[in-house]
Amino acid sequence: MRRRIYIMDDRYSPEKVEPRWQEYWEKNHIFRASEDQSKKKYYLLEMFPYPSGKIHMGHVRNYTIGDVVARYKRMNGYNVLHPMGWDAFGMPAENAAIDNNTHPAAWTYDNINTMRNQLKKMGFSYDWEREIATCSPEYYRWEQWLFLKMLEKDMVYRKESYVNWCGHCQTVLANEQVEEDLCWRCGEMVQQKKLWQWFFRITDYAEDLLLHCDKLPGWPEKVTVMQKNWIGKSTGSEISFKIEGRQNDIAGEGCIKVFTTRPDTLFGATFMCLAPEHPLVESLSRGTDQEKAVAEFVEKISRQERSSSAIENYEKEGVFTGAWCINPANGRRMPIYTANFALMEYGTGAVMSVPAHDQRDFDFAKKYNLDIVVVIQPAGEVLDASTMAQAFSAPGVLVNSGQYNGMPNDKAMSQITDWLEREGLGKKTVSFRLRDWGISRQRYWGTPIPVIHCQSCGVVPVAESDLPIVLPEDAHLLENGGSPLPTLDFFKKTDCPKCGRGDAMRDTDTMDTFVESSWYFIRYCSPGCTSAMFDKEAVKYWMAVDQYIGGVEHAILHLLYSRYFMRVLNTLGLIDFKEPFTNLLTQGMVSKETLKCPEHGYLFPEEAQISEGKAACRKCGSEVEIGRVIKMSKSKKNVIDPNDLLNKYGADITRLFCLFAAPPEKGLEWNDDGVEGCYRFINRVWRLADRCIDITQGVVPYTGPLSELSDSDAKKLYTKAHQTIKKVTDDIEGSFHFNTAISAVMELVNAMYSMDFNTDQPDMPQMSPQIKSVAAFCIRNIILLLSPIVPHFAEEVWEYMGKFVVKGDSSQGTDIYKVQGADESQGENIDNSGELDKMNGIIGQLWPVYREDALVTDEILVVVQVNGKLRSKFSIDAQSSDDFIRQTALADEMVQKHIADQPVKKVIVVRKKLVNIVV
RNA sequence: GCCUGGGUGGCGGAACAGGUAGACGCAAGGGACUUAAAAUCCCUCGGAGCAUAGCUCUGUACGAGUUCAAUUCUCGUCCCAGGUACCA
């Protein structure tokens, strides 16, 4: 007579189970990582969050994906580093401080506490002992230290330049932080302002960053493509055009240098365009009839809105400067214009215009009635400048080009450049779109830039021994949003470290917060290191990050900056690698429709009553406009608070649901209809486990070869189980497609349910020992396969299954004692002497391995088509020959019916799968 | 405009070295159990038609093509999302 040792609850109750295991993991430091040379390391990292208040659905999705991989790798024997921290500097803290009359630090640390608790409730397997917050002096002192090192090596410099200025945030923005000429944070129109700024020479690494884009096989191609486009390398030539009437001074004011990617069209250049800010514009027009017109034009452009929506509507326009230059190829006099489409920031700020072969130049020439000269003829066609309707920019053969006539244009490209080089009129050159990274911010809540401005000595670096330059805490945020640092004399006024003058000034700017996130992953390797930025040995062991996971929205900025920073550290001899992230998974964004009430503006989903495609405001009853489905954002209020889901269903079901909804790289339109199904599935497994414990007590799980099983149901189930192990492993390993992995486990669960495991009769139907043994194997593997996804649930079931048991009152503690395996016939013998082992529980189990021999079935299903249409199917012995399968198919009744009397032209047999009969 | 991805049932999504389209789940409908409900279990479920244990036609954004066979490959068209843009 069987006796149950313990009875499982009716259902999985997260509120009871989840805290218990979380406590167990924490108490036993299960996820503490330490360097162990004897084990293969695996550094898994998810992009750390900005502590904005509460975690959101995007975090939950991101971190769930990461956690599953971390737990999976751990079960595969890796020594896993899985840290978490906070990207804690930034503007929202300042804004919140002003709004709530608090301090950015207080607000930030409050949020960190809230969010840490939320993450802990999700059961993520972080090594919390490595937690870092970038706003702590222990962290940013090393950023300041690196800044000084970079200053020493001239990798950072100061220049006065026009910067993007957001009037609302009172701060400078990097080019990358300007989205379509609007502030990326607040959406305010960006203006231009001239300030002294610190810049990182990222352009020194443009070539290297570009080159290695093709050496990142673990990155999604779309990300490397985006980075390549961002770096924007173009190869071409720099050509000098002499200015008519000036000294033949090639190097100086006597000529205009242009950058062109089409030196082959040089003979077709008929006019010149300079950017309105080009230094020559003013001097060229001075004293000519055009002087006034040019000055007005330049003035007008400088005032013009720079928003892209406005730019799109701008017509290409320009003004003749009154001066001429000479085409070095043919001596042609070319009028010099200043034009609104010429950009000072790109190339040399001057464009040689070839209207016949560039559409923009063509439009401009037509507008101002300028000469068009065809210099490239396509094969089998004759272009006529006077009748052309648009520019011709495809390959062809040169004409009107002196000695180069008849030459294919790609060949002419290098020949003309060579000639220019010989004449000293030009050279091969490369131009990048990427600009140096301006990092100065006129903000308070950031890393202070460690330099001092002395009236005698100029810019003087802070002494290394004076680091960190701590951000003063007793600062009051200014109402207008500006930084209080310049107003704090005790911070600002200091002695010059070089000459000792007492009236030196500290730099009151702080660094762009992207600087902190460019190296946090390396700090995680030795977060407590007080003697250096990082411990070299620890970094050597852990870096690079094996798998990085985060939102695709960081494809350019953060990822490019991080790659750049590793190059800087490499150049400084601090590390021996260049690429921080070996593999990258960019998860799709979580989106939802927006709701807008005419009375109350944007509404949170719970503020509206939605039925049958219409929505009404709960406050005023007005009809609510249901907007487009866009990325969840606080400002649009189309957000779902994960807490609701977490409170109702617990961590595991939330995790399961997030993964089951869609593959990770895909965008996810939020809809929680499916969550009930996940809840049902978990309880289905729960009951199945309970049943299996009952049925398989004292039964050893079968793990042998398939061929030693004789019971046909047992064989089928055994095969299914091994197929499931393979499928789940492949799905995780290959592409992180957890949705299909979960489906596969569901199938196995369904297969077991169809075998009477659910019948609740007091006397079980006589099950063969083989089935019982295979069932024991199945349930064990179901739990193992699900354990990275639903870890609390898995631990609980695993324990119940008799491998481990909690002794005594679990509310008093979670001491877990190893018991003699219940599957070894004496299930009831509890071994109280067992020492607590930190790898007890499912967390210490190895990932299941499938047997090749168990994957194949005895019988296979063959489908039969006639003329490509499905007409019949039959099962047949898997060993059957192709010929036998063909004969069987032809003999099939349904097939015969469709063949009728027609002669069979051809029979195609696809091995073990399909027969197609062509008549 | 350019560069990436995508368009498959009522819904989320499966299946692409070409080989049963719709796995798995949700929603829906029916049934069992129950005094009843919940929970659970079982069945049906792209569309249309018919002589309805079944069979036929049709169907993966649209139009062509290659092939014995196309959601999958090729060409063209139309939408959607993300990135990027006077870049010479």
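Here is the naming used below: chain letters follow the sequence lines, and residue numbers restart at 1 for every chain.
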In B/S/- notation, 5' to 3', how is nucleotides 24-33 of chain B contacted by protein heavy atoms closer than 4.0 Å? BSSS------
Establish, with yes or no, whether the OP1 or OP2 oxygen of B:rU58 is under 4.0 angstrom from a side-chain nitrogen or oxygen of A:Lys869. yes
All N/O pairs under 3.5 Å across the protein-nucleotides 2-10 of chain B interface:
none

Across all chains, not counting sequence neighbours, the side chain to side chain contact (heavy atoms under 4.5 Å, CB included) partners of A:Asp883 are A:Ser881, A:Arg886, A:Gln887
Using a 4.0 Å cut-off on heavy atoms, which residues in residues 903-919 of chain A reach RNA chain B? List them by number, or say none. A:Lys906, A:Ile908, A:Val910, A:Lys913, A:Leu914, A:Asn916, A:Val918
Describe the nucleic acid contact of A:Gly318 in one word from base, sugar-phosphate, nothing, applying a heavy-atom distance below 4.0 Å. nothing
Residues two or more places apart in sequence or in another chain: which of them pass side chain to side chain contact (heavy atoms under 4.5 Å, CB included) with A:Asp363? A:Gln359
Check this one for me: any side-chain N or O of A:Arg871 less than 4.0 Å away from OP1 or OP2 of B:rC55? no
Qualifying side chain to side chain donor-acceptor pair (under 3.5 Å) pairs, either residue in residues 904-919 of chain A, two or more places apart: none
Of A:Ala662 and A:Lys897, whose closest RNA chain B nucleotide lies nearer the 5' terminus? A:Ala662
Identify, with sequence neighbours excluded, every residue that meets ring pair (Phe, Tyr, Trp, His ring centres under 6.0 Å) alongside A:Trp670. A:Phe657
Return the set of residues passing side chain to side chain contact (heavy atoms under 4.5 Å, CB included) with A:Pro14 (not counting sequence neighbours), or none when no residue passes. A:Tyr12, A:Glu18
Which comes earlier along RNA chain B counting from the 5' end, the contact point of A:Asn739 or that of A:Phe341, where each point is its nearest nucleotide? A:Asn739
N or O in side chain of A:Asn683 less than 4.0 angstrom from B:rA39 OP1/OP2: no
Under the ring pair (Phe, Tyr, Trp, His ring centres under 6.0 Å) test, which residues partner A:Tyr649, sequence neighbours left out? A:Tyr679
Side chain of A:Thr740 only, heavy atoms from C-beta on: which candidate in B:rA15, B:rU84, B:rC86 is closest? B:rA15
Answer with base, sugar-phosphate or nothing: what part of the nucleic acid does A:Leu668 contact at a heavy-atom distance below 4.0 Å? nothing
Classify A:His737 by what it touches in the nucleic acid, base, sugar-phosphate, or nothing, heavy-atom distance under 4.0 Å. nothing
Do any side-chain nitrogens or oxygens of A:Arg360 fall under 4.0 Å of OP1 or OP2 in B:rC87? yes
Taking syn as within 90° of 0 and anti otherwise, name the glycosidic form of B:rG46. anti
Tell me, please, which residues at least two apart from A:Thr888 pass side chain to side chain contact (heavy atoms under 4.5 Å, CB included). A:Phe874, A:Ile876, A:Phe884
Could you give the distance separating B:rC11 and B:rC45 at their C1' atoms, to the nearest angstrom? 14 Å
Taking the same atom, P, in B:rG1 and in B:rG49, what whole-Å distance lies between them? 43 Å
So, A:Glu317 and A:Lys300, do they make that salt bridge, N to O below 4.0 Å? yes
Could you tell me which residues satisfy ring pair (Phe, Tyr, Trp, His ring centres under 6.0 Å) with A:His722, sequence neighbours excluded, listed by chain and number? A:Tyr718, A:Phe777
P atoms of B:rG10 and B:rU60, separation to the nearest Å: 13 Å
Treat a base pair as Watson-Crick or G-U wobble with both distances under 3.5 Å, then lay out RNA chain B in dot-bracket form, 5' to 3', with | for cross-strand pairs. (((((((..(((......[....))).(((((.......))))).(((((...)))))..(((((..]....))))))))))))....
